[in-house]
Amino acid sequence: MSTNIFWQESPIGNTERQKLLNQKGCVVWITGLSGSGKSTLACSLSRELYTRGKLSYILDGDNLRHGLNKDLGFKAEDRVENIRRVGEVAKLFADAGLICVASLISPYRKDRDACREMMQGSSFIEVYMNMSLQLCEARDPKGLYKLARAGKIKGFTGIDDPYESPLNCEIELKEKEGECPSPVAMAEEVISYLEAKGFLQNQ
Ligand SMILES: Nc1ncnc2c1ncn2[C@@H]1O[C@H](COP(=O)(O)OS(=O)(=O)O)[C@@H](OP(=O)(O)O)[C@H]1O
Ligand SMILES: Nc1ncnc2c1ncn2[C@@H]1O[C@H](COP(=O)(O)OP(=O)(O)O)[C@@H](O)[C@H]1O
């Protein structure tokens with residue numbers, strides 16, 4: 001624990017940064033099972049925002065585990081620390097004025113809620129990829145479900161580790177009759193929300 005520390009004010013505030021960027025910083029937090037389409041949506045959203053001249057940055061769970069979070073595994077306390085760190089980083093990106101797209105399983109409700117609490121006002125937008133385990137397992141692009149079913153990976157989310165679905169998320173994306181909306185359609189739903197809440201307006 002650090003002691004004798006002080007807060008250093010910055011000469012430029014987030015309002016000034018937002019004016020410069022013509023957008024309002026926020027965190028779009030995408031949660032869901034492995035294979036539910038988090039990374040695909042994050043990429044599609046980032047691309048769609050770019051075409052509209054809006055700056056975003058993706059914090060992807062898998063990618064961050066190659067660097068910032070390389071010391072963490074998948075036991076409960078490591079997942080808690082993983083989400084805490086990414087929440088803090090996402091908050092910095094949003095403060096910088098970016099639309100920060102965090103895509104992590106983030107299986108525990110309490111940890112996602114703690115990230116929401118870190119943010120001001122309504123600038124934490126939780127997006128729940130509500131895809132069935134059956135669909136995610138059928139996709140299995142990395143072969144991880146197969147390994148988990150064979151007992152070769154222990155503590156795999158949805159198989160022998162819990163996933164707590166959101167109770168009050170801003171956006172829920174669902175499959176309909178086993179069919180999933182296209183990544184672009186899902187990105188557009190998120191963009192409509194951001195537009196309606198004024199995050200994409202000139203500040
Ligand atoms: N045991 C276990 N459970 C879940 N996922 C596992 C596990 N082991 C490895 N992986 C791979 O790690 C990716 C998830 O990392 P996250 O940082 O998003 O996980 S978490 O939020 O801390 O739960 C996840 O990526 P996605 O498939 O993109 O979700 C997997 O590729
Ligand atoms: N909307 C979608 N429609 C059809 N297939 C999808 C869709 N989103 C993702 N996929 C496919 O599902 C698999 C898992 O997607 P991914 O984005 O890697 O999930 P996650 O990041 O949640 O693990 C990939 O093979 C991807 O191409």
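Atoms within each ligand, like the ligands themselves, are counted from 1 in listed order.
- Ligand 2 places these atoms under 4.0 Å from at least one heavy atom of Leu33: 22 (O).
- Considering both main-chain and side-chain atoms, Lys38 comes within under 3.5 Å of ligand 2 through a nitrogen or oxygen pair.
- Taking only nitrogen or oxygen atoms, main chain and side chain alike, Leu41 does not reach within less than 3.5 Å of ligand 2.
- With distances taken over non-hydrogen atoms, the option nearest atom 23 (O) of ligand 1 out of Met129, Arg79, Arg112 is Arg79.
- Contact annotation: Asp161 has no heavy atom less than 4.0 Å from any atom of ligand 1.
- Taking the six-membered ring where tryptophan is involved, the planes of Phe156 and Tyr145 are perpendicular, since the angle between them exceeds 60° and thus also 30°.
- In terms of polar-atom proximity, Pro141 is not counted as a contact of ligand 2, lacking any N or O under 3.5 Å from an N or O of the ligand.
- For the pair Ser103 and ligand 2, no heavy-atom separation below 4.0 Å is found.
- Listed by atom number, the atoms of ligand 1 under 4.0 Å from Ile83 heavy atoms are 21 (O).
- By the criterion of side-chain heavy atoms lying less than 4.5 angstrom apart, applied directly or through intervening Ile, Leu, Val, Met, Phe, Trp or Tyr residues, Leu64 is grouped together with Trp29 in one hydrophobic cluster.
- Ile125 has its side chain within reach of Tyr193: a pair of non-hydrogen atoms, C-beta onward, lies under 4.5 Å apart.
- Residue Cys180 has at least one heavy-atom neighbour below 4.0 Å for each of these atoms of ligand 2: 1 (N), 2 (C).
- One hydrophobic cluster, built from ILVMFWY side chains closer than 4.5 Å, holds both Ile159 and Ile153.
- Of the N or O atoms in Ser182, none lie within a sub-3.5 Å distance of an N or O in ligand 2.
- Residue Met186 places no N or O, backbone or side chain, under 3.5 Å from any N or O of ligand 2.
- Residue contacts with ligand 1, taken as heavy atom pairs separated by less than 4.0 Å, do not involve Asn69 at all.
- At a heavy-atom cutoff of 4.0 Å, ligand 2 is contacted by no atom of Ile105, backbone or side chain.
- Taking 4.0 Å as the cut-off, Gly32 does not count as a neighbour of ligand 2 on heavy-atom distance.
- Residue Leu104 has no N or O atom closer than 3.5 Å to an N or O atom of ligand 1.
- Not a single N or O atom of Ser103, backbone or side chain, sits closer than 3.5 Å to an N or O atom of ligand 1.
- Those atoms of ligand 1 that come under 4.0 Å of a heavy atom in Ser34, given as number and element, are 26 (P), 27 (O), 29 (O).
- When each atom of ligand 2 is checked for a heavy atom of Ser34 under 4.0 Å away, the hits are 23 (O).
- Among the atoms of Thr40, some N or O lies under 3.5 angstrom from an N or O of ligand 2.
- With no hydrogens or angles considered, no side-chain donor-acceptor pair links Ser36 and Arg139 at under 3.5 Å.
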